[in-house]
Amino acid sequence: MRAAVVTEFAAPLQVREVPVPTPGPGDVLVRIEASGLCHTDIHAAHGDWPVKPNPPFVPGHEGIGIVEALGEGVTSRRVGERVAIAWLGSACGSCRHCVSGWETLCAQQRNSGYSVDGAFAEYAVLPAAFATPVLEGITPLDAAPLTCAGVTTYKAVKVARVAPAETVAVFGIGGLGHLALQYARIAGGFTVAVDVQEDKLQLAKELGADHLVNAREVDAAEAVQALGGADVSIALAASPASFEQAYRALRPGGRLVCVALPADGTITLPIFDTVLQGKSVIGSIVGTRNDLADVFALHAAGRTRVVAVPRPLESVNEAMADVLAGRVPARVVFEL
Ligand code: ZN
Ligand code: ZN
């Protein structure tokens, strides 16, 4: 099968022939149809983060495909079913986090395209229990971005407990941001889209953002404060400066939700302001299988719109360069 392989950090990925993986007991073999490119895949390929993957490996954690074979003992999935391969490739199922509905915090978890081979390939295997079914009527091109960008921002809105008529400022309108805006609106929030690119802000406007702020032209925090401040700021841009703006944009009682992962990023919190104004800082990592099922249900019901550009897997290196340069409207999805 063809796969895009990271052979060493910072070297271009190689699209080459590798053996089709064999499903072990409890696994499914999935024939990939579409595979989204997330910023995390670029961090993985570059070995940016403290815990690094082990080359050679195959990135990709927005994989959509058809179950082609079942490993021994699998009864929960069937051949021919369309499923998603998300960042949460597996979790132990029995620790306090797994049992309490926080499987995304499981210390034993494996991550698709990072600690196990992912979906930038014609086939992938994963435990059947973690192959989330994709609802009828959702195209693979739409389902792929929902599998990370969608579930991650859905969860961010959920953990922020956005209430109707609250103001939600979304910092970074790309693959994640264009969906974050939509989930914030579904929760009843007014939305402020913050980005440094005019085309991204136009996309936000088309998706119903109430206010647009160009952070290249104005101090974004002051601009949001001029609108009354944000009850919730969602930090999606991989830039520590943007996190700091997102914090300063909060009104009293506001919640900053940290989602993006700038390499070596830190933010400095003013303690007085945080205490006296009752502000919260919340970390939010992807979402559970149930969250992903919710995301698919919302999309199947016509409540969200996915903006994605299809590309061949052979263009993987060019696509990564385009994402880093901000030349992609929202999401690149490799079609296989
Ligand atoms: Zn991702
Ligand atoms: Zn666990």
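When a ligand or atom number is given, it counts from 1 through the structure's own listing order. Worth saying up front: this structure is predicted, and the values here are computed from it rather than measured.
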* Going through the checks in order, is the salt bridge (Lys or Arg N to Asp or Glu O under 4.0 Å) test met by R216 and E198? -> CA-CA 9 Å; R216 186 161 283 155; E198 205 47 50; over 6 Å; no
* In sequence, state the C-alpha distance, the side-chain angles, and the governing distance for E103 and R289, and then conclude on salt bridge (Lys or Arg N to Asp or Glu O under 4.0 Å). => CA-CA 9 Å; E103 61 196 18; R289 289 168 284 174; 2.7 Å; yes
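Taking backbone and side chain together, H39 holds no N, O or S atom under 2.8 Å from the Zn ion (ligand 1). The Zn ion (ligand 2) lies under 2.8 Å from an N, O or S atom belonging to C92.
Ring geometry for Y183 versus Y154: interplanar angle over 60°, hence perpendicular rather than tilted (30 to 60°).
At the Zn ion (ligand 1), the vertex angle linking SG of C38 with NE2 of H61 is 110° (nearest 10 degrees). Annotation: angle subtended at the Zn ion (ligand 2) by C106 SG and C95 SG is 120°, to 10°.
Partner of K155 under the side chain to side chain donor-acceptor pair (under 3.5 Å) criterion, chosen from D291, T104, D294: D291.
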